[in-house]
Asker: 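Next up is a structure, given as structure tokens.
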2 protein chains.
Amino acid sequence: MSFYSEQKKFFFAVDCVLFSYDDNGLNVLLSKRLYEPFKQNLSLVGGFVNENESAEEAAKQVLQSFTGIDNIYMEQLYAFTDIGRETTQRTISLAYFALINIQEFKQQADKENTAQWFAIENLPELIPEHTKILEFAKERIKYRAAKQPLLFELLPEKFTILQLHTLYEKVFDIQFDRRNIDRKLKQTNILVKLPEKDKAGSRRGAFYYKLSEKEIKNFTEFGNIVPLKYHLSM
Amino acid sequence: MSFYSEQKKFFFAVDCVLFSYDDNGLNVLLSKRLYEPFKQNLSLVGGFVNENESAEEAAKQVLQSFTGIDNIYMEQLYAFTDIGRETTQRTISLAYFALINIQEFKQQADKENTAQWFAIENLPELIPEHTKILEFAKERIKYRAAKQPLLFELLPEKFTILQLHTLYEKVFDIQFDRRNIDRKLKQTNILVKLPEKDKAGSRRGAFYYKLSEKEIKNFTEFGNIVPLKYHLSM
DNA sequence: TCAAAAGTGTTAAATGTACACCCATGG
DNA sequence: CCATGGGTGTACATTTAACACTTTTGA
């Protein structure tokens, strides 16, 4: 096609901000870069998009290759297209945002063994663009968590209300009144109380809950799990 | 760079959903495609990204070339990367969303004279991907209009409260109680009442308002200009 | 003087938030 | 029996939305 032949072509990559959650709070997966520029530096996990796949497929593939997990929650974040982002070759980067339950993470899936979790409170220096992408991702997780049942992606199947509550506090970096947030969470009806208790935290024990498959289907939005003033707009 | 040389490259285009507003409601600018595939079909205005520009610059350039306007409100919408979107050549498309005051539109800026406004209620058939992009844009305008002072971009500098109110109704396709929305709009303090009146609509005449340069700087969010139930999340 | 649109206030309901006490249990 | 975290309810403040009458003025 003559019209197309006049046009330039670009490298096209995906960068994934993969979050997990543990006692340190939120973590993000970084890996050592295996190629220039910034070879050996830590960076978000990513890869080039191939001819025969969409960016979404490429991102899924990246995540699968680093974690060994197949069906990871993932959404498109933002496209970064500035020139001179990387010094050697101009590359279009499409950022994705993803969440996993860290208990399902399989380190050995990462053949090169270059990937490592870092607490988001204590990150190494990244290339400026990745720092920016991370900022977008931290906004996005707060934005969604306030409105949608998203944070469950970070927890095991069974969890206590306190675990969930604490997760909200870590994500928002704010303390929430236990009585209010617990009640709101329970009122959603997307939680099913299990007969078992987690006895680790107290003598009395706290009941485990899981997501209700049935209710989650019809469920659309939280009525303000977190106080309105902490809601973001995007 | 040997690593890069193994990677595929892609065409990279921007597609812009440019909205304007008049008595017909919201309009979108479409143009006849000058190249295959779908040559002569109507499509969103767009263009390829050049080597020496970011996607944002490319989109600004597209909008400027079709409208003659320089500083157009614009934001990134979503990247569409599916294979087989277009039949001949695989192209990555980054969609942008933009708003103008139709009174500033200069038809003659469009050298090929291929661009035309269409009421969004009455659009011709577009390629499926552009239909999808438009859906994203219609969501986005509602999402933002509910929270941010965005719709002013569609109006002339001076406007009446009724014009603004009607615009909200067209965007959301809902009737809003005049007493509530007018009061909320005025309470924001981002509106300045002008001494002049628009006498076209009534004997009494309705005061013109304009945006307050001063207040708009500090302004962040509407407290629910439109009822909460009409808010979207993205 | 009247028709037609502009302008404005009140109230009831729902929602959000602050707050404190009892419960169950294992040691 | 008591220390520890688990579990729950109430009341007040704020926000939201429904609703209707008065004003202005040109013809």
Side-chain angles (χ1 to χ4, degrees), chain A residues 23 142 145-147 155 158-169 172 174-189 191-210 219-233, chain B residues 23 145-147 155 158-170 172-189 191-210 220-233:
Chain A
D23 294 337
K142 283 192 225 178
K147 303 197 163 50
L155 292 175
K158 299 186 302 189
F159 48 83
T160 64
I161 298 290
L162 178 61
Q163 281 173 339
L164 187 51
H165 169 184
T166 307
L167 172 51
Y168 271 90
E169 293 189 334
F172 285 88
I174 284 164
Q175 311 254 115
F176 298 116
D177 186 288
R178 188 162 59 94
R179 289 161 289 190
N180 289 332
I181 198 171
D182 289 16
R183 173 163 25 82
K184 286 177 189 172
L185 285 166
K186 288 174 184 167
Q187 276 176 356
T188 59
N189 285 336
L191 297 183
V192 179
K193 190 188 225 169
L194 299 176
E196 310 147 67
K197 280 184 163 184
D198 169 20
K199 310 283 279 187
S202 70
R203 309 201 188 294
R204 184 181 183 174
F207 280 106
Y208 279 117
Y209 287 76
K210 63 165 186 166
F219 189 80
T220 53
E221 286 221 350
F222 288 137
N224 306 326
I225 285 290
V226 305
L228 266 175
K229 60 181 163 184
Y230 301 119
H231 282 236
L232 304 182
S233 50
Chain B
D23 295 337
K147 303 197 161 51
L155 292 175
K158 299 185 304 190
F159 47 83
T160 64
I161 298 290
L162 178 60
Q163 281 173 341
L164 187 50
H165 168 184
T166 308
L167 172 51
Y168 271 91
E169 292 188 335
K170 294 280 189 176
F172 285 88
D173 201 19
I174 285 164
Q175 310 254 116
F176 298 116
D177 186 289
R178 190 162 58 94
R179 290 161 290 189
N180 289 332
I181 197 171
D182 289 15
R183 173 163 24 83
K184 286 177 190 173
L185 285 166
K186 288 175 185 169
Q187 277 176 355
T188 59
N189 285 337
L191 296 183
V192 179
K193 190 189 226 168
L194 298 176
E196 310 147 68
K197 280 183 163 184
D198 171 19
K199 309 284 280 189
S202 70
R203 307 200 189 296
R204 184 179 184 175
F207 281 105
Y208 280 117
Y209 287 77
K210 64 165 187 169
T220 52
E221 286 221 348
F222 288 136
N224 306 326
I225 286 290
V226 306
L228 267 174
K229 59 181 163 185
Y230 302 119
H231 282 237
L232 304 181
S233 50

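In what follows, chains are A, B, ... by sequence order, proteins preceding strands, each numbered from 1.
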Asker: Which whole-number value in Å describes the distance from Gln175(B) CD to dC19(D) C1'?
Answerer: 16 Å

Asker: How would you label the contact of Lys193(A) with the nucleic acid (heavy atoms, under 4.0 Å): base, sugar-phosphate, or nothing?
Answerer: nothing

Asker: Check whether NZ of the Lys or CZ of the Arg Lys197(B) lies under 6.0 Å from the centre of the six-membered ring of Phe207(B) and within 45 degrees of that ring's axis.
Answerer: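 Yes - Lys197(B) lies over the ring of Phe207(B), closer than 6.0 Å to its centre and within 45° of its axis.
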
Asker: Could you state the CD-C1' distance from Gln187(B) to dG7(C), rounded to the nearest angstrom?
Answerer: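 One finds 14 Å between C1' of dG7(C) and CD of Gln187(B), rounded.
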
Asker: Nearest whole Å is fine: how far is dG7(C) P from Asp198(B) CG?
Answerer: 10 Å

Asker: Looking at dA6(C), dG7(D), dT17(C), which one has an atom nearest to any side-chain atom of Phe207(A)?
Answerer: dG7(D)

Asker: Rounded to whole Å, how long is the line connecting atom CG of Leu164(A) with atom P of dG7(D)?
Answerer: 13 Å

Asker: With distance as the sole criterion, do the side chain of Arg183(B) and the base of dG9(C) form a donor-acceptor contact below 3.5 Å?
Answerer: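 Answer yes: a donor N or O sits under 3.5 Å from an acceptor.
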
Asker: Whole-Å distance between dG16(C) C1' and Ile181(A) CD1?
Answerer: 13 Å

Asker: Going by heavy atoms in the side chains, are His231(B) and Asn224(B) under 4.5 Å from each other?
Answerer: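 In short, these two side chains touch, coming nearer than 4.5 Å.
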
Asker: So Ile161(A) and Leu191(A), do their side chains get closer than 4.5 Å, heavy atoms only?
Answerer: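 The answer is yes, as the side chains (C-beta and beyond) meet within the 4.5 Å cut-off.
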
Asker: Considering heavy-atom distances to DNA chain C, does Leu228(A) or Ile161(B) have its closest nucleotide positioned more toward the 5' end?
Answerer: Ile161(B)

Asker: Sugar-phosphate atoms are those with a prime plus P, OP1 and OP2; base atoms are the rest. Using that split, label each nucleotide of nucleotides 21-27 of chain C B, S or - for protein heavy atoms under 4.0 Å, 5' to 3'.
Answerer: --BBBBS

Asker: Would you check if Val192(B) and Tyr209(B) make a side-chain contact, meaning some heavy-atom pair closer than 4.5 Å?
Answerer: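 No, side chains not in contact.
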
Asker: Counting only distance, no hydrogens or angles, is the base of dA18(C) paired donor-acceptor with the side chain of Asn180(A) under 3.5 Å?
Answerer: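 Under the 3.5 Å cut-off, the side chain and the base do form a donor-acceptor pair.
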
Asker: State whether the number of non-hydrogen atoms from other residues, nucleotides or ligands found under 6.0 Å of Gln175(B) atom CD is greater than 12.
Answerer: no

Asker: Between dA6(C) atom C1' and Asp182(B) atom CG, what is the distance in whole Å?
Answerer: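 Whole-Å distance recorded here is 9 Å.
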
Asker: Given dG7(D), is OP1 or OP2 found less than 4.0 Å from the side-chain N or O atoms of Lys186(A)?
Answerer: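 No.
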
Asker: When you match Lys229(A) and Asp177(B) each to their closest nucleotide on DNA chain C, which lands nearer the 5' end?
Answerer: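 Result of the comparison: Asp177(B).
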
Asker: Could you tell me if the side chain of Thr160(A) sits less than 4.5 Å from the side chain of Leu164(A), heavy atoms only?
Answerer: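 Side chain of Leu164(A) against side chain of Thr160(A), heavy atoms only: no contact under 4.5 Å found.
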
Asker: Just checking, Lys158(A) and Tyr208(A): is the charged tip under 6.0 Å from the six-membered ring centre and within 45° of the axis?
Answerer: yes

Asker: Between Lys184(B) (NZ) and dG7(C) (C1'), how many Å, whole number?
Answerer: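 Distance, rounded to whole Å: 18 Å.
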
Asker: Quickly work out the Asn224(B) CG to dG16(C) P distance and round it to whole Å.
Answerer: 11 Å

Asker: Mark yes or no for a side-chain to base donor-acceptor pair under 3.5 Å between Arg179(B) and dA18(D), with no hydrogen or angle criteria applied.
Answerer: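 There is none.
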
